[in-house]
Each structure stands twice: as C-alpha cells, then as structure tokens.
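Okay, so here's the structure we're looking at.
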Amino acid sequence: VCSSDLDPTRVDLAEDQLGIFNEASFYPAFAHDLKTAEESIVILSPYITSKGAARWADHLRAALGRGVGVRIISKPADEFGGASASEVGETIDSLRVLGVAVDLRGRMHEKIALIDRRIAWHGSLNILSHSSTSELMIRSPGGSACRTERGTSDGNHRTQKIRRTLNLRPCFWQLKLAHFGNLIWPT
C-alpha cells in the first residue's frame with residue numbers, strides 16, 4: 001500500500017453508501033471517512049504494526065487537529081503473533097504521543113471501525129497491520145450501521161467497564177450490527 005492508495009479523492013463515496021470493499025478499494029474509502037470525521041473515530045484492530053499504524057498516522061493526526069476523539073482497541077503486545085512485543089509497544093507509545101487513546105483488551109479479535117455515529121466498518125482486514133492478504137470490509141452508513149438498545153441494564157459490570165474504557169456515548173457502547181443482530185460486547 002503506497003500513500004497514493006490512501007488518497008480520499010480517489011474514491012467517489014456517497015455519505016450513505018453501503019458497500020463491500022476489498023483490500024485495495026478499502027484504503028481510499030476509509031481515508032475518505034477519516035477525513036470527514038467530526039466527532040469520533042474508534043478502531044478495533046487486534047494487531048498493530050509500525051508500518052500499519054504509520055499508514056494512517058497523517059489521517060489520525062489531522063482528525064485530532066480538528067478536535068475528533070480517536071481511540072484504538074487492540075490486543076496486548078504479549079498476545080501478538082507476528083510483530084515483536086517491543087515493536088508493538090513502541091508503536092502503541094507513538095500513537096499515544098500523537099494523542100490517540102489506546103486501550104488493550106486481551107483475546108480481542110474484532111476488526112471494526114466506527115466513524116462518528118454514522119459509519120461502521122466491519123470485516124476481516126486488520127486496519128492497523130494489514131499487509132498483503134486478500135480481505136473484505138463492509139461499510140454500513142447511518143441507521144443501517146447501528147441502533148441503540150433501549151432499556152439495556154447499566155448494572156452489568158462488563159458493560160460499565162467497556163463504557164469507561166471506550167469513553168463513548170451510549171450509541172457506541174450499545175452498538176448492534178443491524179444486519180447480523182449480534183452485540184459486539186455482550187451486555
């Protein structure tokens with residue numbers, strides 16, 4: 001993936017466009033969504049490499065400069081299989097220096113990105129470590145991306161911990177993938 005692949009002007013993407021993107025078409029589309037973020041960017045990527053994180057650094061820096069909150073959730077370095085623990089640690093430190101909130105969650109394997117309350121990306125591509133494999137990502141905009149669960153109990157310890165960790169509004173911590181009907185985090 002070269003820098004021109006991340007050019008958001010290379011894609012004509014409507015705000016409400018639902019679609020399936022392969023590893024090549026995902027990059028400019030995701031860059032477009034990062035460029036238009038106004039409130040928050042949340043990326044769940046179980047693996048982080050220095051090259052993979054550097055790919056998005058300029059986009060995340062620009063978002064932070066616009067006042068957009070950026071949060072990354074990944075595995076602890078000792079659970080990584082490919083990159084060394086020291087590389088992962090240094091990469092996480094550099095993201096934190098940039099202003100990105102990075103939370104580590106054992107055994108996580110979700111590949112999801114949430115842009116504001118309007119776009120959800122979900123699929124097989126590790127956003128912060130992808131290299132050369134064939135992958136697919138689904139882009140679900142607006143109401144088709146998520147819905148809040150009304151009346152969900154806040155008494156569940158895990159739900160409260162996740163909400164504190166993510167520091168997100170209820171729309172995100174109660175996110176449901178409407179097409180599949182499965183909670184990302186059980187409540």
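Just so it is clear, the model here is predicted, and its values are computed rather than measured.
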Distance in Å, L95 CG paired with I48 CD1, rounded so as to fall on 0.5 Å steps
6.0 Å

Is R71 close to I41 at the side-chain level, that is, under 4.5 Å between some pair of heavy atoms?
no

Side chain to side chain contact (heavy atoms under 4.5 Å, CB included) between I138 and L136, intermediate numbers included
CA-CA 7 Å; I138 299 170; L136 291 177; over 6 Å; no

Taking N22 for the side chain and A24 for the main chain, is one N or O donor matched with an acceptor at less than 3.5 Å?
yes

Under a 3.5 Å distance rule, please check whether R139 uses its side chain to pair with a backbone N or O of H122 as donor and acceptor.
no

Donor-acceptor contact present, side-chain S74 to main-chain P46, <3.5 Å:
yes

CG (D93) and CG (L98) are apart, to the nearest 0.5 Å, by 12.5 Å

Under the side chain to side chain contact (heavy atoms under 4.5 Å, CB included) criterion, do H130 and Y47 qualify, and how do the steps go?
CA-CA 9 Å; H130 178 257; Y47 303 105; over 6 Å; no

Can a side-chain donor-acceptor contact be found between T36 and R118 if the only test is distance below 3.5 angstrom?
yes

Just do the side chain to side chain contact (heavy atoms under 4.5 Å, CB included) check on M108 and L44 with the steps written out, would you?
CA-CA 9 Å; M108 72 85 63; L44 287 84; 3.8 Å; yes

Enter the distance from R117:CZ to E38:CD here, rounded to the nearest 0.5 Å.
12.0 Å

Hey, could you give me the OG/NZ distance between S131 and K51, rounded to the nearest 0.5 Å?
5.0 Å

Looking at side-chain heavy atoms only, is the closest gap between W121 and I112 below 4.5 Å?
no

Closest non-hydrogen atom pair between I127 and F30, with its separation
CG2-CE2, 3.8 Å

Do the charged groups of E110 and K75 touch, with an N to O distance under 4.0 Å?
no

Looking at E87 and S50, would you say the former's side chain and the latter's main chain have a donor-acceptor pair under 3.5 Å?
yes

Separation of M137 CE from F26 CZ (nearest 0.5 Å)
4.5 Å

Side chain to side chain contact (heavy atoms under 4.5 Å, CB included) for E23 and L125? Distances and angles first, verdict last.
CA-CA 7 Å; E23 67 281 359; L125 189 142; 4.0 Å; yes

In this structure, NE2 of H59 is separated from CG of L64 (nearest 0.5 Å) by 13.0 Å

Heavy atoms, side chains only, cut-off 4.5 Å: are I72 and D103 in contact?
no

Does S45 reach the main-chain N or O of L128 with its side chain, forming a donor-acceptor pair under 3.5 Å?
yes

Salt bridge (charged side-chain N to carboxylate O under 4.0 Å, His left out) partners of R96, counting only residues at least two apart
none

CZ/R66: more than 12 non-hydrogen atoms of other groups inside 6.0 Å:
yes

Does D116 reach the main-chain N or O of A37 with its side chain, forming a donor-acceptor pair under 3.5 Å?
no

